[in-house]
Colleague: 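Right, I'll just put the structure down here and ask away after.
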Amino acid sequence: MNRTHTNGELTAANAGQKVVLLGWVARRRNLGSLVFIDLRDRTGITQCVFGETVNQLVKDVRNEYILEITGTVELRKDPNVKMPTGQIEVKAESIVIVNTAELTPMMIQDDTDALEDTRLKYRYLDLRRPIMQDRLIKRAAIVKTMRNYLDDHGFIDIETPMLTKSTPEGSREYLVPSRVHAGEFYALAQSPQIFKQMLMIAGLERYYQIARCFRDEDLRADRQLDFTQVDIEASFLSEAEFQLIIEKMVVKVMKEVIGRDQKLDFLKLPFADAMNRFGSDKPDIRYGLELTDVTDIFTETEFAVFANALALPDGSLKALVVADGAHFTRKETDALTEVAKKNGTKGLVVLKLTDGKLEGGAVKFFSETQQEALISRLNAQNHSLILVTADRWESACNALGAVRTALRDKLQLVSKDDFAFLWVVDFPLLEYNYEDERFYARHHPFTRPKEEQLHLLDTDPGKVLASAYDLVLNGFEVAGGSLRIYDQKVQEKMFEIIGFTHQQIRERFGFFVDAFKYGTPPHGGIAFGLDRFAMVLTASDSIRDVIAFPKNASARCPLTEAPAKVDQKQLDELHIAIVK
RNA sequence: GGUCCAGUGGUGUAGUGGUUAACAUGCCUCCCUGUCACGGAGGAGAUCGCGAGUUCGAUCCUCGUCUGGACCGCCA
């Protein structure tokens with residue numbers, strides 16, 4: 001077997017050359033004494049034609065057989081402009097059936113109609129589809145570009161353990177029983193966070209890692225159990241300096257992988273503005289439909305929905321106008337209400353503006369002044385649809401933000417190959433949980449409070465902003481990071497605020513807290529969700545489309561049938577008993 | 001843990017309280033020298049996810065169960 005060319009590279013320039021091609025049979029067209037075979041490999045498809053050379057072997061060929069075809073490159077009489085190799089064909093002189101194939105359970109073509117379940121069960125066939133290969137190739141290009149960039153900028157690729165210590169708080173972990181130490185467990189790393197910070201304490205200054213992370217949480221279209229982070233950390237950099245380094249890397253990825261000229265100086269949107277304007281901490285800014293605060297218009301109201309909301313601490317009213325949306329049917333607005341309900345609020349107030357008058361069930365509770373104020377505040381035009389949420393500030397924003405996203409999809413306001421990056425910055429350091437009546441770290445407990453707000457930690461911790469930043473692309477958080485606490489006293493204060501006792505700190509993070517005593521540099525970092533980043537950049541609908549062998553939504557691998565039961569012998573060795 | 005949706009030839013769908021279970025594609029056979037999603041003729045292929053119930057009769061209705069998908073909770 002001496003392959004001379006791949007199936008994607010032959011052009012008119014090769015005309016007259018004798019070639020040997022290898023590949024899978026993508027399709028055949030049998031016209032009797034004239035047979036066309038489309039031969040496919042990773043690089044593309046070449047049409048091979050058999051005329052007087054048609055024999056029984058050629059007729060026996062089936063889809064997905066692997067063939068070796070020897071022939072001569074010829075210009076086509078009528079070229080196929082849809083194919084990159086459409087200018088030529090290979091006039092076949094001989095054929096070798098390298099391997100046969102059974103009928104495949106799914107068709108090997110880009111627009112396969114197989115359900116994902118089938119695709120995952122026969123993933124090796126699914127991955128034969130050119131569109132899937134493209135995605136994996138692009139993903140590899142993203143990683144390569146980031147690696148090259150980071151290498152060139154003094155970042156050192158260092159591996160950290162996957163088997164590590166369980167540190168409750170944060171996501172649920174996968175536990176791995178120790179055979180050597182009966183009854184003790186490792187945890188699979190949910191992120192290299194603590195290790196990369198210790199690398200900064202160690203003085204490595206700039207680190208990165210293409211790191212596998214494991215989280216035992218329920219899956220989603222953009223979440224996997226084991227996923228890949230491009231994990232980065234650096235010392236002695238300000239927030240702005242670090243963000244610029246990351247932006248330049250992203251610009252390089254966009255140029256080299258997608259072929260786009262992405263401008264530097266990404267928009268930096270404070271968290272509060274993101275919520276107020278877009279109802280999301282990861283807004284898609286490719287389209288308008290921004291939210292407007294109308295709380296002050298209804299401070300005095302008979303309308304129970306508004307009054308109840310305003311009675312809550314930081315109760316807010318958020319409104320959104322859909323120009324020309326008055327034609328929405330009851331069914332359509334009900335669907336939007338469902339979206340709001342699913343996303344943390346009790347309902348959605350639906351109003352329409354027709355002939356200069358507000359319509360809708362709630363209008364009878366509004367005074368003339370309130371109606372006028374609402375229309376003018378929203379700058380609402382005739383025939384528009386007005387949607388209002390009323391709840392605690394964050395809930396009202398989130399719910400209406402979800403409605404905004406639903407409208408984006410319904411009205412098809414964006415294109416999948418349009419990309420808009422921004423930073424969301426100035427996140428609150430802490431999040432108050434009204435049920436547990438305590439603060440939680442919004443990002444993680446090592447996140448550095450804004451320097452100028454340190455004094456608020458004692459008096460009003462809920463107000464303190466963090467040096468935390470998320471990189472957002474088209475409504476997806478593709479990376480998240482922060483500057484870290486490097487002052488031991490601040491770290492202790494932080495643990496105290498989120499309710500850790502000294503004993504808990506010792507047990508969970510003792511080794512980490514100890515490390516801080518010996519000269520910790522100011523440092524910070526970021527972690528890219530590589531799978532999610534690749535998903536958005538390849539315009540895929542699911543994270544599973546950019547992972548070669550993913551788990552399905554119920555955390556199983558249909559191909560290998562993991563997870564599975566194991567032998568009693570294995571369990572005994574690990575000192576594990578199945579109770580039920 | 002919860003809500004919603006789906007399960008019917010290999011694949012993807014339609015459909016009905018009594019049917020020869022339909023369509024597309026794939027597959028098989030035959031015809032075809034310029035196709036490229038080739039075309040034409042014919043053919044095979046389905047215990048309608050599983051279990052129970054209602055009924056004279058269930059693929060269809062009810063309950064349960066399993067599997068898959070989207071989302072909420074969860075993901076420091």
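Quick caveat, the model's predicted, so the values are computed rather than measured. Letters go in sequence order (proteins before strands), and every chain restarts at 1.
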Colleague: Take atom NZ of A:Lys342 and atom P of B:rC5, then tell me their distance rounded to the nearest Å.
Modeller: 10 Å
Colleague: If you look only at distance, which donor and acceptor atoms sit under 3.5 Å apart when one is on a side chain in residues 69-76 of chain A and the other is two or more places apart or in another chain?
Modeller:
from    : atom 1 : to      : atom 2 : distance (Å)
A:Thr72 : OG1    : A:Glu93 : OE2    : 2.6
A:Arg76 : NE     : A:Gly86 : O      : 3.4
A:Arg76 : NE     : A:Ile88 : O      : 2.9

Colleague: Using atom P in both nucleotides, what's the gap between B:rG42 and B:rA58 to the nearest angstrom?
Modeller: 36 Å
Colleague: What's the gap between B:rG17 and B:rU13 when it is taken at their P atoms, as a whole Å value?
Modeller: 22 Å
Colleague: Given B:rC72, B:rG68, B:rG69, which nucleotide is nearest the side-chain atoms of A:Glu116?
Modeller: B:rG69
Colleague: Can you figure out which of B:rG73, B:rC75, B:rG69 approaches the side chain of A:Asp218 most closely?
Modeller: B:rG73
Colleague: Starting at the 5' end of nucleotides 35-47 of chain B, put B wherever the base has a protein heavy atom under 4.0 Å, S where only the sugar-phosphate does, and a dash everywhere else.
Modeller: BBSB---------
Colleague: For B:rU67 and B:rU8, measure between their C1' atoms and round to the nearest Å.
Modeller: 15 Å
Colleague: If I pick the P atom on B:rA44 and the same atom on B:rC28, what distance separates them, to the nearest angstrom?
Modeller: 16 Å
Colleague: Using the P atom on both, measure B:rC30 against B:rU35 and round to a whole Å.
Modeller: 23 Å
Colleague: Taking B:rA21 as the reference, what is the distance to B:rC5 when you measure between their P atoms (whole Å, please)?
Modeller: 30 Å
Colleague: Show me the donor-acceptor pairs within less than 3.5 Å that the side chains of residues 490-499 of chain A make with the rest of the protein, sequence neighbours left out.
Modeller:
from     : atom 1 : to       : atom 2 : distance (Å)
A:Gln491 : NE2    : A:Pro445 : O      : 3.0
A:Lys493 : NZ     : A:Asp458 : OD1    : 2.5

Colleague: Nearest whole Å is fine: how far is B:rC75 C1' from A:Asp281 CG?
Modeller: 13 Å
Colleague: Rounding to the closest angstrom, what is the interatomic distance between B:rA14 and B:rA6 at atom C1'?
Modeller: 15 Å
Colleague: Report yes if at least one side-chain N or O of A:Thr118 is closer than 4.0 Å to OP1 or OP2 of B:rU11; otherwise report no.
Modeller: no
Colleague: For A:Pro445, report the nucleic acid contact type (base, sugar-phosphate, nothing); a contact means any heavy atom under 4.0 Å.
Modeller: base
Colleague: Measure NZ/A:Lys121 against P/B:rG12 and give the value in whole Å, please.
Modeller: 11 Å
Colleague: Mind calculating the distance between CZ (A:Arg172) and P (B:rC75) to the nearest angstrom?
Modeller: 8 Å
